[in-house]
There are 4 protein chains.
Amino acid sequence: MPDQDAPVHPHHLSSSTPERLTQRSDARRNIQKLLDAAAALFVTSGVEVPVREIALKAGVGMGTMYRHFPTRADLIVAVYRHQVEACVEAGPALLAESSTPFVALQSWIYLFVDFLTTKHGLAAALQSDRPSFDALHNYFLERLVPVCEQLLDAARQADEMHSDIQALELMWGVGSLCINTTKELQIDARRLVSLLLTGLR
Amino acid sequence: MPDQDAPVHPHHLSSSTPERLTQRSDARRNIQKLLDAAAALFVTSGVEVPVREIALKAGVGMGTMYRHFPTRADLIVAVYRHQVEACVEAGPALLAESSTPFVALQSWIYLFVDFLTTKHGLAAALQSDRPSFDALHNYFLERLVPVCEQLLDAARQADEMHSDIQALELMWGVGSLCINTTKELQIDARRLVSLLLTGLR
Amino acid sequence: MPDQDAPVHPHHLSSSTPERLTQRSDARRNIQKLLDAAAALFVTSGVEVPVREIALKAGVGMGTMYRHFPTRADLIVAVYRHQVEACVEAGPALLAESSTPFVALQSWIYLFVDFLTTKHGLAAALQSDRPSFDALHNYFLERLVPVCEQLLDAARQADEMHSDIQALELMWGVGSLCINTTKELQIDARRLVSLLLTGLR
Amino acid sequence: MPDQDAPVHPHHLSSSTPERLTQRSDARRNIQKLLDAAAALFVTSGVEVPVREIALKAGVGMGTMYRHFPTRADLIVAVYRHQVEACVEAGPALLAESSTPFVALQSWIYLFVDFLTTKHGLAAALQSDRPSFDALHNYFLERLVPVCEQLLDAARQADEMHSDIQALELMWGVGSLCINTTKELQIDARRLVSLLLTGLR
DNA sequence: AATGAATGAGCTTTCATTCAT
DNA sequence: AATGAATGAAAGCTCATTCAT
């Protein structure tokens with residue numbers, strides 16, 4: 001996976017080929033510094049943290065930031081790309097190793113919940129309708145929905161569930177339940193999600 | 001309920017007596033214009049719409065806006081007060097007229113869903129942790145959580161459900177599922193909520 | 001002195017006849033309420049206190065306030081009229097009873113200092129060049145400068161001082177030294193003024 | 001003194017080393033434009049002039065203003081830094097070259113008076129108790145009071161004065177006498193100050 | 001390619017003054 | 001004569017985005 005952490009440009013969202021065969025080493029270094037800074041700040045201040053703070057922490061100029069990540073979504077996608085891809089790959093793996101397809105689905109959904117709930121503000125950003133978040137939104141759905149679909153189909157074929165829910169719908173619901181569960185009001189997203197899963201059966 | 005649509009002042013949140021017996025007609029008219037403008041803009045632009053826009057659309061000055069609704073939350077609460085109170089009153093009524101307590105709970109939750117999903121941005125605002133939304137948040141929880149609690153208890157006593165979920169948790173989950181379901185991506189909040197309810201049984 | 005506490009209109013500044021022979025009793029009552037409220041607020045918040053606060057404390061409407069005291073200066077003048085007049089009258093009295101004219105001058109100046117330093121913000125307002133303070137400024141100078149002049153002349157005639165300072169200049173200087181001496185930085189206006197007086201000899 | 005006119009950051013107030021060795025020429029130009037605009041507006045409208053007006057006159061955006069001068073006091077200090085420092089340096093020089101310490105003190109005080117009286121509103125700002133002026137206030141006192149103290153001590157040691165006045169007190173008094181003497185009412189601050197100085201002897 | 005200075009629209013809030021009631 | 005609601009022009013400050021260097 002040679003392009004991991006590379007800047008994400010819209011038309012490359014579903015591509016896995018490197019966008020440029022050569023790249024100046026300082027550019028590559030700056031990109032990494034930005035990703036590291038963003039990852040750290042997303043944790044402490046959420047994904048809506050001012051871009052200037054990210055550039056500052058990365059020790060690069062604003063222009064550099066914009067050159068590599070034209071929109072905030074590009075940066076968010078790049079920061080979480082690894083983990084999303086790990087989630088994508090976990091789908092078939094879980095299906096293979098779990099006792100039943102529905103158990104695999106459950107495990108996979110909890111994986112996703114754990115991912116979202118540890119990223120302050122990410123679940124909300126995923127559902128934002130602000131144009132600058134479109135790329136984020138698209139990327140997540142494009143990668144994860146097919147996996148979820150596969151798991152749902154398997155569960156249905158095994159007669160473990162009869163709900164006709166769509167994968168997109170389920171992912172959306174799970175994402176929603178993960179919003180704002182890091183705040184003072186301690187809501188346990190897993191509990192709510194488990195209700196949803198129980199309801200699927 | 002003589003004070004409907006009256007400006008909301010903190011200490012009157014749970015009172016149902018009119019704060020003033022007389023009020024200048026132009027003031028009352030302006031309050032109504034503000035409520036109408038706010039209601040309309042909340043639908044199109046969400047509850048975060050700039051106060052200036054609200055004042056502009058209402059055709060009143062900034063000062064008038066602040067006189068009647070010192071904080072944004074005051075305005076939001078006033079705009080939705082009717083419907084929240086209707087929801088509050090519907091709880092016992094549904095309990096009385098439904099075949100079983102769990103059916104009453106379901107109906108009541110759907111009522112709440114219908115309310116939220118027709119108000120673009122309201123569900124999100126309800127979960128915002130920004131200080132200016134505290135009053136909104138508090139108002140909703142204070143009014144609705146006890147009703148939900150009553151319905152949950154009744155359903156448990158009737159042995160219709162065994163989940164030990166808290167009313168606050170359930171309301172929060174339902175609220176979450178109603179976020180952003182008015183957007184292009186057509187997600188059916190009712191379907192998701194029905195899964196949650198099924199999961200409760 | 002029948003017009004004490006009456007609203008001050010510019011063309012009446014130096015008149016001592018009542019401006020109107022009849023006045024509705026409620027009007028007179030409101031004027032008094034305003035003067036009382038203003039006097040109290042001037043002490044705690046300075047003479048720049050928002051007019052709305054004064055009206056509020058007086059329990060009258062804004063319009064009433066503006067009817068009786070068109071400018072802030074009018075109100076200030078009315079509030080302090082008594083004390084200014086007392087100061088005016090003290091001049092000749094001190095001259096009569098003091099051992100020497102210069103001693104009388106000293107005592108009179110200290111009287112003025114005591115007056116100013118106990119009125120938070122008054123000394124500054126006296127020197128403000130904002131148009132709404134003109135009346136205040138004029139009133140004080142018109143009433144007090146002639147008295148000061150008289151004392152200065154007497155001291156000069158008694159050969160107790162040879163400085164050719166003008167009364168206006170001296171009053172201004174004394175007023176200046178009384179500005180901001182109520183703040184944290186504890187400056188003793190009397191000490192500074194005493195230097196000035198020593199310098200006069 | 002290579003940093004003259006450089007933006008003032010709090011921790012550099014008493015430093016004389018340049019904060020950055022290089023600076024973009026446009027930035028330097030903008031800083032100068034801001035200082036020029038501020039100096040001009042301070043004269044005509046006082047140091048309370050709205051920041052927006054300063055930015056406008058300088059022909060720069062609001063953000064530029066805030067970048068270089070985060071608080072109003074920073075700007076005021078920067079505008080007057082030169083002259084304050086000149087005053088600081090004049091103290092020992094005058095002491096060395098004057099016939100007697102008291103004469104040096106007099107000359108130095110007149111220097112300060114000339115400075116203040118040519119800056120409309122500065123003397124008043126110096127005594128303002130509004131938080132945004134604290135830095136200004138502190139800067140002036142920190143720099144000038146020690147110089148004044150030195151001169152006072154010298155005069156006392158030479159037996160030229162016996163008043164036990166504090167340097168801060170004297171400076172404050174002189175500053176007060178310089179307030180508002182640029183207005184229509186032509187008050188001669190030097191004459192008033194000379195009385196004060198005479199009183200010191 | 002990188003920098004970071006500059007931009008300026010945008011936000012909330014205050015308050016002297018006016019004027020409909 | 002009295003009321004107090006309405007006005008709206010300020011103000012300070014923030015921050016995503018652009019672009020001169």
Side-chain angles (χ1 to χ4, degrees), chain A residues 23-31 48-56 58-68 70-72 130 132, chain B residues 20 22-31 33-34 48-53 55-56 58-68 70-72 132, chain C residues 23-31 48-56 58-68 70-72 130 132, chain D residues 20 22-31 33-34 48-53 55-56 58-68 70-72 132:
Chain A
Q23 189 167 39
R24 264 168 56 168
S25 62
D26 56 345
R28 181 156 283 285
R29 216 159 31 235
N30 279 337
I31 289 167
E48 301 267 20
V49 66
V51 289
R52 181 181 269 90
E53 278 184 40
I54 300 173
L56 194 72
V60 306
M62 296 290 297
T64 305
M65 154 127 241
Y66 273 89
R67 168 178 292 272
H68 295 304
T71 75
R72 179 185 293 272
R130 280 155 48 192
S132 65
Chain B
R20 304 184 65 205
T22 65
Q23 190 166 36
R24 260 170 57 172
S25 61
D26 57 344
R28 182 157 281 285
R29 213 158 35 233
N30 279 334
I31 289 168
K33 284 195 282 185
L34 280 166
E48 303 265 22
V49 67
V51 288
R52 219 198 278 294
E53 276 184 41
L56 193 72
V60 307
M62 293 290 297
T64 304
M65 160 121 242
Y66 273 90
R67 170 181 287 270
H68 296 303
T71 74
R72 178 187 294 274
S132 63
Chain C
Q23 190 168 37
R24 263 169 54 169
S25 63
D26 56 346
R28 182 157 283 287
R29 218 161 28 236
N30 279 337
I31 289 167
E48 301 267 21
V49 67
V51 289
R52 181 180 269 92
E53 279 183 38
I54 300 173
L56 193 72
V60 306
M62 295 290 298
T64 306
M65 155 128 240
Y66 273 90
R67 168 178 293 272
H68 295 304
T71 75
R72 178 186 294 271
R130 279 155 49 190
S132 65
Chain D
R20 303 185 66 205
T22 64
Q23 191 166 34
R24 259 170 58 172
S25 61
D26 58 344
R28 182 157 282 287
R29 212 157 37 232
N30 279 335
I31 288 168
K33 284 195 284 184
L34 280 166
E48 303 263 22
V49 66
V51 289
R52 225 197 274 293
E53 275 184 42
L56 193 71
V60 306
M62 293 289 297
T64 304
M65 158 121 242
Y66 274 92
R67 168 181 287 271
H68 295 303
T71 74
R72 178 186 295 273
S132 63

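Only this structure's heavy atoms are used, side chains among them; waters, hydrogens and symmetry mates stay out. Chain A is the first sequence line, chain B the second, and so forth, proteins listed ahead of strands; every chain is numbered from 1. Remember, predicted model here, so these are calculated numbers, not experimental data.
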Asker: To the nearest Å, give me how far apart CZ (D/Arg28) and P (E/dA6) are.
Answerer: 12 Å
Asker: Verify, without hydrogens or angle tests, whether A/Arg72 (side chain) and A/Pro50 (backbone) share a donor-acceptor contact under 3.5 angstrom.
Answerer: no
Asker: Do you know which two heavy atoms are closest between B/Ala55 and B/Gly61, and how far apart they sit?
Answerer: CB-O, 4.1 Å
Asker: Strictly under 4.0 angstrom, non-hydrogen atoms only: write out the protein contact profile of nucleotides 16-21 of chain E, one letter per nucleotide from the 5' end, B, S or -.
Answerer: BBBBBS
Asker: Would you kindly give the CD-to-P distance between A/Glu53 and F/dC15, to the nearest whole Å?
Answerer: 8 Å
Asker: About how many Å separate CE of C/Met65 and CD1 of C/Ile54, when rounded to the nearest 0.5 Å?
Answerer: 4.5 Å
Asker: To the nearest Å, how far apart are A/Ile54 CD1 and E/dG4 P?
Answerer: 17 Å
Asker: To the nearest 0.5 Å, what is the distance between CE on C/Met62 and OG1 on C/Thr64?
Answerer: 10.0 Å
Asker: Rounded to the nearest 0.5 Å, what's the gap from CZ on D/Arg28 to NE2 on D/His68? Could you check?
Answerer: 10.0 Å
Asker: Can you tell me the distance, in whole Å, between the CG atom of B/Asn30 and the P atom of F/dG8?
Answerer: 12 Å
Asker: Taking CE from B/Met65 and P from E/dT12, how many angstroms apart are they, rounded to a whole number?
Answerer: 9 Å
Asker: Taking a pair as Watson-Crick or G-U wobble with both distances under 3.5 Å, which nucleotide is matched to F/dC13?
Answerer: E/dG10
Asker: Determine whether B/Tyr66 and B/Val51 make a side-chain contact, defined as any pair of heavy atoms from C-beta on separated by less than 4.5 Å.
Answerer: yes
Asker: With both distances under 3.5 Å as the test, what is the Watson-Crick or G-U wobble partner of F/dA1?
Answerer: none
Asker: Give the rounded distance in Å between these two atoms: CG of A/Leu56 and P of F/dA16.
Answerer: 13 Å
Asker: Both B/Gly59 and C/Gly59 contact DNA chain F. Which one's nearest nucleotide lies toward the 5' end?
Answerer: C/Gly59
Asker: Counting heavy atoms from C-beta on, name the nucleotide in F/dA6, E/dA2, E/dA6 closest to the side chain of A/His68.
Answerer: E/dA2
Asker: If I take atom NZ from residue B/Lys33 and atom CG from residue B/Asn30, how far apart are they, to the nearest 0.5 angstrom?
Answerer: 4.5 Å
Asker: Nearest-nucleotide wise, let me know which of C/Gly61 and B/Lys33 is further upstream toward the 5' end of DNA chain F.
Answerer: C/Gly61
